[in-house]
Amino acid sequence: NSVPVHDAEPVHDAEGRLLRRLSPAEAKQMIGEQLFPMVSKIEPDNAAKITGMMLEMGNKELLILLDSEQQLQMMVDDALRCLRRAQMAK
């Protein structure tokens, strides 16, 4: 008896259960390690800074970014706008 695909657990649910077993700091570290390469593909020059900015968000919101390229792209765009404004203000 194989499990039908539509009954399979989404990856983010499994990750969410794993993250709940970790301390908040361990969970944040794990998310950051997954998020950084994804951000690097979109914005390699500022990936570390943008990932750091994103890690200020809650873990639930970060899991959404890991699961949605569209949401991640929007967040990277927002972070780039913030970085540019900060540089212009100097």
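Atom set for the values below is all heavy atoms of this structure, side chains included, hydrogens, waters and symmetry mates excluded.
To the nearest 0.5 Å, the span separating CE on Met74 from CG on Leu65 amounts to 9.5 Å. In this structure, the separation between CG on Leu66 and CD on Glu61 is 12.0 Å, given to the nearest 0.5 Å. The CD atom of Gln73 sits 10.0 Å away from the CG atom of Asp78 when rounded to the nearest 0.5 Å. The OG1 atom of Thr51 sits 5.0 Å away from atom CG of Leu35, with the distance rounded to the nearest 0.5 Å. The SG atom of Cys82 sits 11.0 Å away from the CG atom of Asp77 when rounded to the nearest 0.5 Å.
Val39 places none of its side-chain heavy atoms less than 4.5 Å from the side chain of Met75. In this structure, Leu83 and Met53 have side chains that are in contact, with non-hydrogen atoms separated by less than 4.5 Å. Residues Ile31 and Met54 fail the side-chain proximity criterion, which asks for heavy atoms closer than 4.5 Å. Side chains of Leu63 and Asp67 form no contact here, defined as non-hydrogen atoms less than 4.5 Å apart.
When all heavy atoms of Phe36 and Ala48 are compared, the closest pair comes out as CE1-N, 3.5 Å. Annotation for Asn59 and Ala27: closest pair ND2-CB, 3.5 Å, computed over non-hydrogen atoms.
Residues Met57 and Leu55 are members of one and the same hydrophobic cluster, defined by side-chain heavy-atom contacts under 4.5 angstrom among Ile, Leu, Val, Met, Phe, Trp and Tyr.
Between the side chains of Gln29 and Glu33, at least one donor N or O lies within less than 3.5 Å of an accepting N or O.
Other residues, nucleotides and ligands place no more than 12 heavy atoms under 6.0 Å from the CD atom of Glu69.
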